[in-house]
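Each ligand, and each atom within it, is numbered from 1 in the order the structure gives.
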Amino acid sequence: MNSEELAALDRRYVWHPFTQQQGWTAEDAPIIADAHGCTLRDTEGNVYIDGVSSLWCNVHGHRHPRIDQAIRDQLDKVAHSTMLGLSHEPAIRLAEKLVNLAPSGLTRVFYSDSGSTAAEIAIKIAYQHFQQSGQPKRTRFISLKDAYHGDTIGAVSVGGIDLFHSTYKPLLFDTLQAESGDIESMERLLTAYGQQVAAVIMEPIVQGAAGMLIHPNGYLRAVRQLCDEHGVLLICDEVATGFGRTGTMFACQQEGVSPDLMCVAKGITGGYLPLAATFATERLYESFLGAHDEFKTFFHGHTYTGNPLACAAALASLEVFDHEFTLDEVADRCIQFGELLKPLETMDGVAEVRRRGMMVGIELEGFPVAARSGHQVTLAARRRGAIVRPLGDVVVLMPPLSISEVELGQLVSIVVEAIAEVVESVPRQEIRISRTKVTV
Ligand SMILES: *Cc1c(COP(=O)(O)O)cnc(C)c1O
C-alpha cells in the first residue's frame, strides 16, 4: 500500500491519542515504516532523529540486535501465557533482576502493562493495605500540582494538569494537592490531614508531563522524611524517569530514597513492548497475606500482565545496560547535552531550558496559546529531520540514551533552527508573564 492510500485509511478509520482529529486530517503526519538505532524512516523514505524516544520509552535505539534476538527466541517458546495461576521463566527472572536494581527495600514486583495501570495498582495496594492493617481511616492521597500519572480514572484522580484532567472531575475521587517542589506545602497538608492519608504519590525529581519541572535538591528526601513522621506511604512514579533517564537507573537513587511503592513502565522493555511493574516493600506484601476467607487477596490483574515476550525484551534491555555500560556512556552524553543547550538559554523566544539527565524541556515564551508555538516547532523540526513532541509551549527533548554524540548535536541544531523559524514567523504578544520571568 502506498503512502497516500495509507494516509487516507488513517483519516478514515483511526482516532489518535491526545490528538485534535479535526486538525490531524489537514496535516500530513509521517507514517513510520521502519527504524534503525535512533533514526525513524517514513513510507516516503524521509529519515528523522527520534528526539523523544518514541514517546519517552526507547532506551538503546530501535532494532537493537540483542533485544530483537531475545524476542525472537521467546517467540519460539511461547508468546503469551497467563500469570493468573501460572508462572513463566521470563517473568520470574526479570522480577529477580528488577529487585536487585531497585532502591533497597523494594522486594516484590507486581506486573501490569502500562504506566497508568502501574499507578492504579500502587494506589489500590496503598489503600487496601491500610484497610486490612487496622487503620481504615487512612483513605486519602496527596498528589502534586501539575502531576501526571496516566489517563485511567484513578491515575487521573491523582493527576494535576487541568487541561488533561479537569473535564473528568465529577468522575474522580477527591485528593489533597500539594504545591510541587514546595516542602512547606506538603508539611501543612500532612500536619492537617496526616491521619487520613494513605500515601503521597509523586514523580521523583522531574515532573515530566508538567513540562519537565525539576524539583529543588533535597525535596524528595524531605518528602520521604515527612511521610515517615506521619505514618504515610510514599509512592514514586518512575514511569518517565526510570531506566537511566535522569542519569541513574532510577531517579529516587539520586537522593538515596527508597519509596514504599514504585511504578515503572515506559523504558522497562527498552521501548519495545508494553510492560509495567509496581514494586512493593515486604511489609506491604505481607499485609496481604492471610487465609483465603480473610479476603486479603489483591484482587487485581490484567490479561496481559507479565507477558513473556515483553519480559524477555526487558531482560535483554537490562543486559544491554551491562554490556554497553549504558549508564557510564550516558553520563558523557548528559554533559554534552548541557553544553549544547547553553546557547538556547539566551535565545529569543525561549523562557527557560530545564534539564535533568536526558530529560529536557525548552519553555517558549511570548506566543499566544492559539499560535500553538510548541506544535509549530514540532512541524519545523520535522521538516529538518527530527521528531519531537511538545507539551504546550514546552519543547521536549528526550532522545534514546544510546544517541551518538553526532546525532545529539544534529538534534539540538535542528531544534534551534526550528525555534528560530517559529520566532521569526509567528507574531508574539507584547507582554506575557511566563512561569519563570517577565518579559516586556
Ligand atoms: C507516561 C506516564 C504515565 C502513564 O504511562 P502509560 O504507559 O502511558 O499509561 C504515568 N506516569 C508518568 C510519570 C508518565 O510519564
Side-chain donor-acceptor contacts of residues 296-304 below 3.5 Å, not counting sequence neighbours, with atom names and distances?
residue, atom, partner, partner atom, Å
His300, ND1, Lys124, NZ, 3.0
His300, NE2, His302, NE2, 2.9

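- Put simply, the side chain of Ser53 gets close to the backbone of Met398: a donor and an acceptor are under 3.5 Å apart.
- Of the possible polar contacts, one joining the Glu238 side chain to the Cys252 backbone as a donor-acceptor pair under 3.5 Å is found.
- Taking the six-membered ring wherever Trp is involved, the centroid distance between the rings of Phe18 and Phe164 falls below 6.0 Å.
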Dump all N/O pairs between ligand 1 and the protein below 3.5 Å as a table: atom names plus distance, one pair per row.
residue, atom, partner, partner atom, Å
ligand 1, 5 (O), Gly115, N, 3.4
ligand 1, 7 (O), Gly115, N, 2.8
ligand 1, 9 (O), Gly115, N, 3.4
ligand 1, 9 (O), Ser116, N, 2.8
ligand 1, 9 (O), Ser116, OG, 2.6
ligand 1, 11 (N), Asp237, OD1, 3.3
ligand 1, 11 (N), Asp237, OD2, 2.7
ligand 1, 15 (O), Lys266, NZ, 2.7

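- A donor-acceptor contact closer than 3.5 angstrom links the side chains of His375 and Glu27.
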Test ring pair (Phe, Tyr, Trp, His ring centres under 6.0 Å) applied to Phe243 and Phe250, step by step: CA-CA 6 Å; Phe243 301 98; Phe250 299 105; 5.2 Å; yes

